[in-house]
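Take a look at the structure below.
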Amino acid sequence: MASRLIYTTDKGLYCEKGDFYIDPWRPVERAIVTHAHSDHARWGSRQYLCAEPGAKILRHRIGADAQIESVAYAKKLTLNDTTVSFHPAGHILGSSQIRVEHKGEVWVVSGDYKLDADPTCEPYEPVKCHTFITESTFGLPIYTWQTNEELFSDINAWWEKNKREGKTSLLLAYALGKAQRLLKGVDTSIGPIYTHGAVESLNQVYLQSGIALPETIRLSSMPRGTKFAGALVLAPPSAYATPWQRQLNPVSAAFASGWMRVRGIRRRRSLDKGFPVSDHCDWPSLLKAVHLTGAENVLVTHGYSQILVRYLQEQGLNADALSTQYEGEEETTSSENAAAEEGATNEGSSNEDSENGSADEVQE
Ligand SMILES: [Zn+2]
Ligand SMILES: [Zn+2]
């Protein structure tokens, strides 16, 4: 393995020629960070390097004392014997693919990414390489996303229906990235939009980073006894069915997640509605992205890696699984594995806090 430009160690993905780690899961000297979700950006490293648009979010997630440097997309840095650059991944604000070049050999680490349009971040940019390290969170053919038009027309129709019935619309989504993408896409003429504190604090960081968002009101700033009928409330998935939710009654709760593509999951969690939307690639996008890189070698990390590996091998590529400690998309209020639903193998564990941060963010 040591002959590979990037390989996994017990601390994370390591590039020996450049002497840096990418999204390490243990503290290291120099961490290059693809994006600020908590399974990719962890505390304790001595130096962090990220793309400029994501610097404020990373600071917000890993603390005021962390040593964080940022660099513009596409700017080439020399790190020991390598040339390193960040390229937009389209996943959340500031999310990056990391391009590493050594003596003409080019590797790209995707981090998490999507190809669908998202007005809260820079669009995914294909980067040519010899070896592509890709995630595979939704690497099964059943996972295909609808268009943004279809998605938002469904969400708006649900909100309007709840409003007519005198209910509050509780939309559960990752506090970082998903919530801002949904907020930016909904029809704000339907009613006021309130936020859970975990969502609001990240909205503020997005605003400080120059991303315009519709007006929101922090729910906890309202006097006791306020009625929220007709309003939309954005909250992280872990707020679901908690005492916090009671103030919203009568309420219709919906979860916005790629896992909602599998109908049984929503039913079992007794959610009123599920919107299949993800900031990860669906199956067609994964295949398209792999193709666009022109890579002969593909290493597949978290998700349905074995299935994607086998498919790519059948296409004539050198594909292999790469074991990491990244987690897939959170599956609402339970740690049950969505894969069980499909009888498939999901190597990624499902940690409730994986993408909406530590527990303190959901207590309000
Ligand atoms: Zn992520
Ligand atoms: Zn991830």
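When a ligand or atom number is given, it counts from 1 through the structure's own listing order. We number each residue from 1, following the sequence as shown.
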Next item on the list: Taking the Zn ion (ligand 2) as the vertex, measure the angle between atom NE2 in H40 and atom NE2 in H302; round to 10°.
Entry: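 Vertex at the Zn ion (ligand 2): approximately 100°.
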
Check: Do W259 and Y143 pass the ring-ring contact (aromatic ring centres under 6.0 Å, His included) test, and can you show the C-alpha distance, the side-chain angles, and the key distance before you say yes or no?
Finding: CA-CA 9 Å; W259 301 115; Y143 291 108; 5.7 Å; yes

Margin query: Quick check on the Zn ion (ligand 1): does H280 put an N/O/S atom closer than 2.8 Å to it?
Written below: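 Coordinating: no.
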
Note to self: Below 2.8 Å, can you find an N, O or S atom of D112 next to the Zn ion (ligand 1)?
What the structure shows: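 Short answer: yes, at least one N, O or S atom is under the cut-off.
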
Next item on the list: Just do the ring-ring contact (aromatic ring centres under 6.0 Å, His included) check on H302 and H40 with the steps written out, would you?
Entry: CA-CA 11 Å; H302 55 317; H40 293 260; 5.5 Å; yes

Next item on the list: Flag H37 as yes if one of its N/O/S atoms falls below 2.8 Å of the Zn ion (ligand 2), otherwise no.
Entry: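 So H37 does not bind the Zn ion (ligand 2) by this criterion.
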
Checklist line | For the student: nearest non-hydrogen atoms of A51 and Y73, plus distance | finding: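 Taking A51 first and Y73 second, the nearest heavy atoms are CB-CE2, 3.6 Å.
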
Notebook entry, point to check: Would you call E200-R218 a salt bridge at under 4.0 Å N-O?
Noted result: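 Looking at R218 together with E200, the answer is no, because their closest N to O distance does not fall below 4.0 Å.
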
